[in-house]
Colleague: 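Structure below; questions to follow.
Just so it is clear: chains get the letters A, B, ... in the order the sequence lines come, proteins before strands, and each one is counted from 1. As a basis for the values below, the full set of heavy atoms in this structure was taken, side chains included, without hydrogen atoms, waters or symmetry mates.
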Number of protein chains: 2
Amino acid sequence: MTTSNHNHQKCIRTALCQAEALCKARAQRLTPIREQVLRSVWSSHKAIGAYSIIDALAKQSSKPPAPPTVYRALDFLLDNGLIHRVNSLNAFIGCNAPGHQHNSQLLICRRCSNTTELVSEALNSQANKAAKQENFVLEQTCVELTGLCETCSREIAHDE
Amino acid sequence: MTTSNHNHQKCIRTALCQAEALCKARAQRLTPIREQVLRSVWSSHKAIGAYSIIDALAKQSSKPPAPPTVYRALDFLLDNGLIHRVNSLNAFIGCNAPGHQHNSQLLICRRCSNTTELVSEALNSQANKAAKQENFVLEQTCVELTGLCETCSREIAHDE
DNA sequence: CAAATAATGCAATATTATAACATATCTTCT
DNA sequence: AGAAGATATGTTATAATATTGCATTATTTG
């Protein structure tokens, strides 16, 4: 999932296409700013912070957007399930499967920062079970798994 | 797990006792500041933010501690497994079972903010499994489940 | 006791996020 | 098309969370 060993342009195109389609279907407006923010989020598979998005957009126009501009776009994208917030990094990552309601998990590499989204129904089921045992009404899950991605763990092994 | 329907003084005493014992065993110093911060974290079963801790300590002395003072104490307590960081709230909560290395899960009530720590080995096992499937070397898990605790869900049901 | 290590005090500042209000743009209805 | 209402953006200021760097004090070690 490094940005180098796959055609990342395709990831971006797919994400934007899906976003466009979803917004259309829901009568939501994917405005230029929202699209630019989504593009920034998808510029890599690393989670990106709001202020890095501001910096990225600054390079594309005369003056940088103000924080609220970006945060509002992020809120829109979050509400529409087009991106996820990575709580352990205070950052954002594109959603792999927008449109489907899903409880997903994130694998975050502490070395290269690449983040992979996956959906383990078995894990979700255990989360539901755990909540149920405490008579807890589960509404939202946040599962962020940190460690080393396959590539990085191999590279570290080589370096020693 | 509301603070009202149990003897919370006992929770605090137990936590401090365990902390003292653990630090002694590890030749770590549970200094006055660290102890005060731990006490603040344990003042309830709600996660508490660093600046709320500063406010709490301010009431106990002439001038409030500076942020680094509190953050350093928090780092110490985190390193020694005496508290957990709640990423989705940028806040901190006392650890139930310090001393045991464990991957725990948090149930966070969005209404009363009370937070319960539990350890589901079944869930942990699924997290390991998910990581393994991606050849990911799992080092740290963050599982934060948000919703309504039993008490709050009942109270909400009554109000309608 | 001296040296080394660990902890704290303190000032400044970085980073992340939101509030409040004005302006502009789009949609809808006539 | 034009007015009214809703939605989105611009702008300024500020809140909330967290860290850096360096001076000082306390504790441990030899």
Side-chain angles (χ1 to χ4, degrees), chain A residues 19-20 23-41 46-58 60-80 82-93 113 142 144, chain B residues 19-20 23-41 46-58 60-80 82-93 113 142 144:
Chain A
E20 212 169 317
C23 288
K24 195 164 191 175
R26 294 173 184 161
Q28 297 284 337
R29 293 162 55 196
L30 188 63
T31 62
I33 287 179
R34 290 167 177 174
E35 187 180 322
Q36 285 170 60
V37 169
L38 183 57
R39 233 179 242 284
S40 290
V41 169
K46 306 182 199 317
I48 186 172
Y51 280 76
S52 300
I53 295 174
I54 290 177
D55 293 344
L57 297 199
Q60 296 167 34
S61 79
S62 50
K63 63 165 77 170
T69 301
V70 166
Y71 277 101
R72 282 187 292 227
L74 288 169
D75 285 343
F76 171 87
L77 297 171
L78 285 169
D79 287 347
N80 284 280
L82 298 168
I83 62 174
H84 297 294
R85 187 170 202 287
V86 185
N87 287 319
S88 50
L89 300 175
N90 293 334
F92 303 87
I93 188 98
S113 300
C142 162
E144 300 177 6
Chain B
E20 212 169 316
C23 287
K24 195 163 191 178
R26 294 174 184 159
Q28 297 284 339
R29 292 162 55 195
L30 189 63
T31 61
I33 288 179
R34 290 168 177 171
E35 187 180 323
Q36 285 171 61
V37 169
L38 182 58
R39 233 179 242 284
S40 289
V41 169
K46 306 181 199 316
I48 187 173
Y51 280 76
S52 300
I53 294 173
I54 290 177
D55 293 345
L57 297 200
Q60 295 169 35
S61 80
S62 50
K63 63 166 76 170
T69 301
V70 166
Y71 277 101
R72 281 187 291 227
L74 288 169
D75 285 343
F76 172 87
L77 298 171
L78 286 169
D79 287 347
N80 284 279
L82 297 168
I83 62 174
H84 296 294
R85 186 168 203 286
V86 186
N87 288 319
S88 51
L89 301 174
N90 292 333
F92 304 86
I93 187 100
S113 300
C142 161
E144 299 177 7

Colleague: If you check every side-chain atom of Arg72(B), which of dT18(C), dA20(C), dG21(D) has the closest atom?
Modeller: dG21(D)
Colleague: Using a strict heavy-atom distance below 4.0 Å, which residues from residues 28-38 of chain A are in contact with DNA chain D?
Modeller: Arg29(A), Thr31(A), Ile33(A), Arg34(A)
Colleague: Would you mind classifying the nucleic acid contact of Pro65(B) as base, sugar-phosphate or nothing, using non-hydrogen atoms under 4.0 angstrom?
Modeller: nothing
Colleague: For the pair made of CD1 in Ile53(A) and C1' in dT16(C), what is the distance, rounded to whole Å?
Modeller: 12 Å
Colleague: With the criterion set at under 5.5 Å between ring centres and under 30 degrees between planes, would dT17(D) be stacked on Tyr51(B)?
Modeller: yes
Colleague: Over how many whole Å does the gap from Asn90(B) atom CG to dA15(D) atom P extend?
Modeller: 18 Å
Colleague: Can you work out whether Phe76(A) or Ala91(B) has the more 5'-proximal nearest nucleotide on DNA chain D?
Modeller: Phe76(A)
Colleague: With sequence neighbours left out, write down each residue that passes side-chain hydrogen bond (donor to acceptor under 3.5 Å, both in side chains) with Thr69(A), or none if nothing qualifies.
Modeller: none
Colleague: Given dT8(C), is OP1 or OP2 found less than 4.0 Å from the side-chain N or O atoms of Thr69(B)?
Modeller: no
Colleague: In this structure, how many angstroms lie between the P atom of dA6(C) and the CG atom of Asn80(B), rounded?
Modeller: 14 Å
Colleague: Is there any side-chain hydrogen bond (donor to acceptor under 3.5 Å, both in side chains) pair reaching into residues 25-34 of chain A, and which pairs are they, with sequence neighbours excluded?
Modeller: Arg26(A)-Asn80(A)
Colleague: Not counting sequence neighbours, which residues clear side-chain hydrogen bond (donor to acceptor under 3.5 Å, both in side chains) with Glu144(B)? List them please.
Modeller: Ser88(B)
Colleague: State, to 0.1 Å, how close Pro64(B) and Ala58(B) come at their nearest heavy-atom pair, and which atoms those are.
Modeller: CB-CB, 3.6 Å
Colleague: Closest to the Pro68(B) side chain: dT19(D), dT18(C), dG9(C)?
Modeller: dT19(D)
Colleague: Return whichever of Lys63(A) or Asp75(B) has its heavy-atom-nearest nucleotide of DNA chain D closer to the 5' end.
Modeller: Lys63(A)
Colleague: Nearest whole Å is fine: how far is dT19(D) P from Leu78(B) CG?
Modeller: 10 Å
Colleague: Roughly how many Å is it from OH in Tyr71(A) to P in dT17(D), rounded to a whole number?
Modeller: 13 Å
Colleague: Using the salt bridge (charged side-chain N to carboxylate O under 4.0 Å, His left out) criterion, which residues pair with Arg72(A)? Sequence neighbours excluded.
Modeller: none
Colleague: How many Å lie between CG on Leu74(A) and P on dT15(C), as a whole number?
Modeller: 18 Å
Colleague: Only counting residues at least two apart or in another chain, list the ones meeting salt bridge (charged side-chain N to carboxylate O under 4.0 Å, His left out) with Glu35(A).
Modeller: Arg39(A)
Colleague: Could you give the CD1-to-C1' distance, from Ile54(B) to dT17(D), as a whole number of Å?
Modeller: 10 Å
Colleague: Drop me the distance from Cys23(A)'s SG to Leu77(A)'s CG, to the nearest 0.5 angstrom.
Modeller: 7.5 Å
